[in-house]
Structure formats: structure tokens, C-alpha cells
Amino acid sequence: MHYLAEGLRLPTNGLDYTILAIYFVVVLGIGFAARASVKTSLDFFLSGRSLPAWVTGLAFVAANLGATEILGMAATGAQYGVAVVHWYWIGAIPAMVFLGLVMMPFYYRSKVRSVPEFLLQRFDKSAHLLSSVLFAFAAILIAGVNLYALSIVVEALLGWPQWVAIVVAGLFVLVYITIGGLSSAIYNEVLQFFVILAALIPLTLLGLKRVGGWDGLTGSLEKSHGSDFLSAWGGTGIGDANPLGANWLTIILGLGFVLSFGYWTTNFAEVQRALSAKNLSAAQRTPLIAAFPKIFIVFLVMIPGLVAAVLVPKIGTPGSDLTYNDAIPLLMQELLPNGVLGIAVTGLLAAFMAGMAANVSSFNTVFTTDIWARYVKKDQPDAYYLRFGRLITAIGVLASIGTAFIAASFSNIMSYLQTLFSFFNVPMFVVFIIGMFWKRASMKSGVWGLVAGTTAAMVNYFVIYKQGIIDIPTDQGANFVSAIVGFVAGAVVMVAVTLFTAPKPEAELAGLVYGTESPDAAEAPAEGDSVWYRKPALLGWGAIVLAALCYVPYSF
């Protein structure tokens, strides 16, 4: 990621810093308030499975509102136009609905504490250990992205030295997660969700006003960038050239299916929020409730990017010191008065901290329950694992500070994250989906599917793409192809290994494979489940229909 332009210094004053200070005090207050509820390791890692669906739903969407969402998606809007909607209406909503309707019953009824633990029940220890290590490594890398992005934004906008921004943000995340566990992280994410909206809504409205409303914005962009810039599918025919470097097939298969489902259904940073819900119905509704704000958040990141493309025509052009990542900070500098500016800066910090906290809290759970308690220190008292969870949280934050600088070698945050997802999430998804729908899939096929999928995705990216063996126009296009290659390789290897190895005994598959039921499958419905908005299926199909309707203005 390029550093933000040197001229981007915000005219902050005492009012703005007061708003920022109040936010940090509230964050720590929530952490200390949540401490009273943390008595066991289940309380620390999964909030005692006691939270209502509206809380876990908002935390679910806030956990994703990190560096890639705010800076990365606005940059994508400034660079590619309304094609950014693909990452939401194709690349998120269907997978979130699938998670709620299909996968959460498997997760929740199996009483697993993490996503890798499900693989232990469905396959064997080798698949479990490998998936745990891969996930823990990826979580720290992704937490580092958020921390690095936060530090360079704060350095550019407020003039703080980069190391100060890293230490301050890392310290606050460490304190409130270590003290209050997942409950602290989740309740802070609910707060951060509203703070982020309070930052983005004024920026979007003032930006539209400056360029003459929606008609003025689209008229200016059509003249300067052409009609395809305002069409979600313009120029995406197979063989056609377009800035995204992808066609409709790679968008639908690579982004809409493989990357999207791989991220939303197996990324424990998200699934952990649903697993902390108070019952199965609430767990199912968690991603579905999150899907509705997710449908509309795209406008709050896309429109500022489009406005920046009009107000600053030289943004991202050769010879300019302004990159597409500067879109949001440029508008903050140009449009926001003091006070509102303080809220916007606070919103940016909240976004980065939410993304980091989500990954750190999922890292400490996986490392403690899936690696340490399972393979290193078995059968210890619960208080031991609670203490160790707090210790590994501190280690995770320190490791994130180290991995933050790996992100510096990538020119675009979003491309870097999509690369990580194609390496780590996609192979896990193919193992999950085959294991959940094919009873014959053998115990050993899980680990070899993970190895094959991860290896194939990395070979495609680092060898076939980076060495120029096949000409793929952009990093983003290469990520879509890597995801497809990783998925296919993992699936083929799983089928091949299954033909020569023993399946898991059918008696042990109850509740783990589609079409089988666990002994407690007849869980009593929660009070009020007859109300329509408590029915996951209605919520899910409603989200899909609404997302599909949103495409209509951008399809021509």
C-alpha cells in the first residue's frame, strides 16, 4: 500500500481531539464492564454463548468494516467505478445467507468453539491441526493489515509518528480484549458500527452536494471515464478489456462463489460472532441480520470514491502523488468541518480497530482451544486456559505489529487481502463443503484437500501469474483465478484420496453431514420464533432479493 500523500494534513483542533479521547474512554469502559461476565474460558472465547442476535448481527458486519472496507473499497470505487458493488451483492450477500441457513446449524449444534474444531469432528486430527495453523497464521497477517493501514492514515492525517499510531491502537485493542474477552470485542464492534456510519454518512452527503447531486456526479463521470464506469457489468465480456482485469465468469465463479463463500462461511473472525449467540435461531439470524446493512454500506464507500474521481481528476494517475487510497482522506480534508472531522477520524480508527480486534479475538480462540489445549497442554483446569487465552492475546497483538509491515510490499490493501483469502480461506471452504455434503469423503481427504488447495493457489499466484507464464492483467484478476484453481485442486484431490482411503464411520457423522441429524437436533424454538423477522429463511431470501434489485440501476 502506498503512503498517503504528504499534503493530506487535516485541520484538526481541540474539539476533534476531545471526540477522539471520549471514544477511547468509552472503549476501555466497555472492556472493564464486560470483565464481570468473564468467569470461564467459554465466557472469554465465546461470550458464554449468551448474546442476542441483534448484537451479534451488528458485530458480524462491523468485524468486516476494517481497512479493506473503508479505504480499499473507496479506492476501488475511484479506480473502477460502480463495479465495486460486485464485492457486496455478489461477493458477500449470497454467502452470508448460505452461512445462516445451511452452515450455522452444523456449527452450532456440534458445539464447536472454532471453525477448525468442526474439521476435527468431520475428518481427523491432521486436518484439524493444519487448518488451525493456517487460520492462526492468516488471522495475524490480516490483523497486521488493519494495524498498518491505521498507522499510515493517522500519520498522514494527524501528523502522529507511525510507531506511535501502531503502539496506541495495538495497546487499546490489547487492553479491551484481554480484560473483557469476546464480549468486550463484540460490544465495542456494535459501538464502532454506529461510529463508522456517523463518519461515512456526512462524507457521502456532503460529497454528493459538492458535485451537484447524483445527476451531477454521473454526468461528470460519464464525460471523463465513459459509460462503462457507471455500469456494474460494462466491459466484462470474455475477451473484453476492462480496468478490473476480470470477466463475468471469473467475477461470478472467482469472487461470487469461491472467494466469497470461502471467506464468509469459514473465516472464524466472522463465524465466531454467530457462535456466541444465545441459541441456534439467534446464531442463524446473525449473518442474515448483518446482510441487510451490508447491502447498503456499499453506497457509503463507493460514492465517496466516485466523488473523489470527479473532484480530483489526477487521483491515481501517473506522475501524481495521490493514490486511489487517498480518496476518503481527500474528501475528509476538503469537505468536513471541525467536530464532524473529529467524528470522521474516530470512525476511521474504529474501523481499523474493529478489523484488528476481530482477527485477534479469533486468533486467541483458535490458538488456545485448537492448538495449545489439544496438542500441547491437555486436560488443564479451565482457569489455566482462561489465563493462557489472555497471554496469547498479548502475543497476537505483538505479532500483528510485526506483520503490519508485510502489507507495505503490496500496492493495494484489498488486493493483498484477497490474495490471503485465496491462499487460506478457499481451500478450507472446499474441504468444508465436500465434507458437509458427501458422507463418503474419507478422514484423510480433509488434510490433503487443504494441502492441495493452498499449494495450487500459491503456485498460480507466485509462479504462473508473477512469472508471466500466463498473462493476467491485474492482481485482482489473478486472485480470482487463484481462488478458482485452489478450489478445483482441493476438490479433485479430496475425491481421489477418498477413493483409496477409509471413510469415517457413519455413526460418527450424525449432525456433521447434510441429511443427518444430531441427537439434539430437535432443539426447542426460542420464544417468539413465530414472528416473521425471527425466521432465518425469510430473512435470508429477503436479503438476496433486495441485493438483486439493487443491481437494476447498474446493469445497463
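Bear in mind that the values here come from a model prediction, so they are computed numbers and not experimental data.
- A donor-acceptor pair is defined here as one N or O able to donate and one able to accept, closer than 3.5 Å; no such pair exists between the side chain of Ser132 and the backbone of Pro116.
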**Prompt:** Going through the distances and angles, do Val298 and Val84 end up as a side-chain contact (heavy atoms from CB on, under 4.5 Å)?
**Reply:** CA-CA 8 Å; Val298 62; Val84 69; 4.3 Å; yes

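- Screening Phe106, Phe98, Tyr107, Trp438 for a ring pair (Phe, Tyr, Trp, His ring centres under 6.0 Å) involving Phe432 leaves a single residue, Tyr107.
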(Q) Does Ser445 form a side-chain contact (heavy atoms from CB on, under 4.5 Å) with Arg440? I'd like the steps, not just the answer. (A) CA-CA 10 Å; Ser445 68; Arg440 177 64 180 83; over 6 Å; no

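- Side-chain atoms of Lys504 come within 3.5 Å of backbone N or O of Phe123 as a donor-acceptor pair.
- Side chain of Ser422 to main chain of Ala483: no donor-acceptor pair is present (N/O by atom type, distance under 3.5 Å, no hydrogens or angles).
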Walk me through it: do Ser126 and Asp124 pass the test side-chain hydrogen bond (donor to acceptor under 3.5 Å, both in side chains)?
CA-CA 6 Å; Ser126 55; Asp124 61 6; 2.8 Å; yes

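- Checked by atom type and distance alone, the side chain of Thr454 pairs as donor or acceptor with a backbone atom of Phe423 at under 3.5 Å.
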- Could you please spell out the steps behind the side-chain hydrogen bond (donor to acceptor under 3.5 Å, both in side chains) verdict for Thr369 and Glu117? CA-CA 9 Å; Thr369 63; Glu117 190 174 350; 5.0 Å; no

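- The residue from Trp264, Tyr263, Phe257 that alone fulfils the ring pair (Phe, Tyr, Trp, His ring centres under 6.0 Å) condition with Phe429 is Phe257.
- Side-chain contact between Arg285 and Ser281: present, with at least one pair of heavy atoms (C-beta onward) separated by less than 4.5 Å.
- For the atom pair CG (Leu420) and CG (Asn479), the distance works out to 9.0 Å, reported to the nearest 0.5 Å.
- Looking at Ser131, its side chain does come within 3.5 Å of a backbone N or O of His128 through a donor-acceptor pair.
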**Study point:** side-chain contact (heavy atoms from CB on, under 4.5 Å) between Phe367 and Ile140, worked out
**Key:** CA-CA 11 Å; Phe367 195 93; Ile140 292 301; over 6 Å; no

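- Counting heavy atoms from C-beta on, the side chains of Val102 and Phe437 come closer than 4.5 Å.
- The backbone N or O of Asn359 sits less than 3.5 Å from a side-chain atom of Ser362, completing a donor-acceptor pair.
- In terms of modelled atom types and a separation under 3.5 Å, the side chain of Trp448 and the main chain of Met494 share no donor-acceptor contact.
- Remark: side-chain polar atoms of Tyr108 are paired, donor with acceptor, to backbone N or O of Asn279 under 3.5 angstrom.
- Formation of a donor-acceptor pair under 3.5 Å by the Arg122 side chain with backbone atoms of Gly435 is found in this model.
- A donor-acceptor pair under 3.5 Å is formed between the side chain of Tyr385 and the backbone N or O of Asp379.
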